[in-house]
Amino acid sequence: MTVPLLFETKLENNVKLVSLNSMIPENVLHETIGKLLVSATQTNNRVFISFPVDTALYKQNYSSMVNYTIKKYGLIEWKAITMTNEIHGHTGIYSIIGAKMGVRAMEYFNVGVNNMYVTTFAGKKPPLSCFNDGIQISTGATIGQGLISISDSVSNIPSAMFEFNNQKIQVSLKEEIARQMQNEIKYGIKTFGLLTDKYWLYIEELAIKYWRDFNKHRKYF
Ligand SMILES: [Zn+2]
């Protein structure tokens, strides 16, 4: 029921029966299904003709991972995380996990950007709230689009509710991975001091590790 307009529903003995609307011509059905499926496989570029994948355009830390990471997780995730880092202002762990989760949720509903409404439970305080930026940039469910809200109830395990066509799924990071991330951040603060240059280098290295190794299909969520 991704496009409700195509269906008619009736209630029989309290059971909702759904069937394709026979008034809609077959070619319109095919076209609509085609458009929707394609939206989930394209990077939906507004400015770029195609998203840059030439390794020479990337900084050293990243150029060596471009091809491998795109092959492993796809161009949609690569674009989402690259854009997240550019806009968020640093390469962070929570923001990258947010981007991976956003892409995973779009795959679940088989839709492209700007289709879901998202509620996050990551609050408004960094570093946890950095997660919200990854969610917004990967899904297009941004504050500006009015497609996201930040719940007052905060969970220190990164989680969000994704809503599409009255269907909701709640996705959370596996608790053991969330704990591991918290411990790694604590270690960084203890060893390098909070927000020092060395701390940021350490966080960037960690974030690259999650970007490269965290497979959103491996039951990590
Ligand atoms: Zn951050």
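- Minimum heavy-atom separation, Ala141 to Ile148: O-CB, 3.4 Å.
- Open room surrounds CG on Asp152; 12 or fewer heavy atoms of other groups in view lie less than 6.0 Å from it.
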*Stepwise side chain to side chain contact (heavy atoms under 4.5 Å, CB included) test for Phe109 and Ile169*: CA-CA 10 Å; Phe109 287 121; Ile169 49 160; 3.9 Å; yes

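- Taking CE of Met106 as the start and CD1 of Ile76 as the end, the distance is 6.0 Å to the nearest 0.5 Å.
- Taking CE from Met116 and OG1 from Thr139, the interatomic distance works out to 5.0 Å, rounded to the nearest 0.5 Å.
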*Kindly indicate, with the supporting measurements, whether the criterion ring-ring contact (aromatic ring centres under 6.0 Å, His included) is fulfilled by Tyr94 and Phe131.*
CA-CA 5 Å; Tyr94 284 111; Phe131 172 80; 7.7 Å; no

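- Using a 4.5 Å cut-off between side-chain heavy atoms of Ile, Leu, Val, Met, Phe, Trp and Tyr, with links allowed through other members, Ile81 and Met65 fall into the same hydrophobic cluster.
- Taking every heavy atom of both residues into account, Val103 and Ala80 meet most closely at CG2-CB, 3.9 Å.
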*Can Tyr199 and Glu204 be said to form a side chain to side chain donor-acceptor pair (under 3.5 Å), step by step?*
CA-CA 9 Å; Tyr199 168 83; Glu204 183 175 16; over 6 Å; no

_Full working for side chain to side chain contact (heavy atoms under 4.5 Å, CB included) between Arg179 and Glu175_ = CA-CA 6 Å; Arg179 298 275 171 252; Glu175 196 174 333; 3.1 Å; yes

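- Atom CD of Glu176 has more than 12 neighbouring heavy atoms from other residues, nucleotides or ligands inside a 6.0 Å radius.
- When the side chains of ILVMFWY residues are joined at heavy-atom separations under 4.5 Å, either directly or via intervening members, Ile97 and Met83 end up in two distinct hydrophobic clusters.
- Counting all heavy atoms, side chain and backbone alike, Phe164 lies closest to Asn115 at CD1-O, 3.2 Å.
- Atom-to-atom distance recorded for Ile24:CD1 and Thr32:OG1 is 7.5 Å, nearest 0.5 angstrom.
- Remark: of the listed residues Ser153, Ser159, Ser149, Ser149 is the sole one forming a side chain to side chain contact (heavy atoms under 4.5 Å, CB included) with Thr119.
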*Check the pair Met161 / Val118 against side chain to side chain contact (heavy atoms under 4.5 Å, CB included), numbers first and verdict last.*
CA-CA 6 Å; Met161 173 97 80; Val118 188; over 6 Å; no

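- Within 6.0 Å of NZ in Lys198 there are 12 or fewer heavy atoms belonging to other residues, nucleotides or ligands.
- Between the side chains of Thr55 and Tyr62, no donor-acceptor pair of N or O atoms lies under 3.5 Å.
- Between Lys209 and Glu205, no side-chain nitrogen of the basic residue sits less than 4.0 Å from a carboxylate oxygen of the acidic one, so the salt-bridge criterion is not met.
- Counting only distance, with no hydrogens or angles, the side chain of Asn13 and the backbone of Val15 share no donor-acceptor pair below 3.5 Å.
- With hydrogens and angles ignored, the 3.5 Å screen pairs a side-chain donor or acceptor of Gln182 with a backbone N or O of Asn156.
- Closest approach of Trp78 and Val66 over heavy atoms only: CZ2-CG2, 3.5 Å.
- No donor-acceptor distance shorter than 3.5 angstrom exists from the side chain of Tyr73 to the backbone of Lys100, with no hydrogens or angles considered.
- Side-chain contact annotation: Asn44 with Lys79, donor-acceptor N/O pair under 3.5 Å absent.
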_Stepwise side chain to side chain contact (heavy atoms under 4.5 Å, CB included) test for Leu6 and Leu29_ = CA-CA 7 Å; Leu6 301 181; Leu29 283 178; 3.8 Å; yes

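- Between Phe162 and Tyr108, the distance from one ring center to the other does not fall under 6.0 angstrom.
- Between the side chain of Asp54 and the backbone N or O of Ala56, at least one donor-acceptor pair lies under 3.5 Å.
- Using bins of under 30°, 30° to 60° and over 60° for the plane-to-plane angle, the ring pair Phe192/Tyr187 lands in the perpendicular bin.
- Side-chain contact check for Asp133 and Ser95: no donor-acceptor pair (N or O, by modelled atom type) lies under 3.5 Å.
- The closest donor-acceptor contact from the side chain of Asn21 to the backbone of Met23 lies under 3.5 Å.
- By the rule that hydrophobic residues join a cluster once side-chain heavy atoms approach within less than 4.5 Å of another member, Tyr202 and Leu195 end up as members of one cluster.
- Under the 4.5 Å side-chain contact rule for hydrophobic residues, Tyr210 and Tyr58 do not share a cluster.
- Side-chain rings of Trp211 and Tyr68 stay apart, their centers remaining 6.0 Å or farther from each other.
- Heavy atoms only, all atoms of each residue included: Gly92 and Asn85 are closest at N-OD1, 4.1 Å.
- Within a 6.0 Å radius of CG in Asp197, no more than 12 heavy atoms belonging to other residues, nucleotides or ligands are found.
- Across every non-hydrogen atom of Ser138 and Ile135, the tightest pair is OG-O, 3.2 Å.
- Asn132 places no side-chain N or O within donor-acceptor distance of the main-chain N or O of Thr120, the cut-off being under 3.5 Å.
- Val111 and Leu75 end up in different hydrophobic clusters when Ile, Leu, Val, Met, Phe, Trp and Tyr side chains are linked at under 4.5 Å.
- Two residues are said to be in side-chain contact when any heavy atoms from C-beta on lie closer than 4.5 Å; Glu8 and Leu20 fail this criterion.
- No side-chain donor-acceptor contact under 3.5 Å links Tyr117 and Gln145.
- Considering only heavy atoms from C-beta on, Ile96 stays 4.5 Å or farther from Thr84 through its side chain.
- Among Lys72, Lys71, Lys216, Arg104, the single residue meeting the salt bridge (charged side-chain N to carboxylate O under 4.0 Å, His left out) criterion with Glu77 is Lys216.
- A distance of 11.0 Å separates CD of Gln180 from CD1 of Ile185, quoted to the nearest 0.5 Å.
- Between Phe48 and Phe51, the angle of the ring planes goes over 60°, which puts this pair in the perpendicular group of the 30/60° scheme.
- The line from OG1 of Thr196 to CD1 of Ile189 is 10.0 Å long, rounded to the nearest 0.5 Å.
- Atom-to-atom distance recorded for Ile208:CD1 and Asp213:CG is 11.0 Å, nearest 0.5 angstrom.
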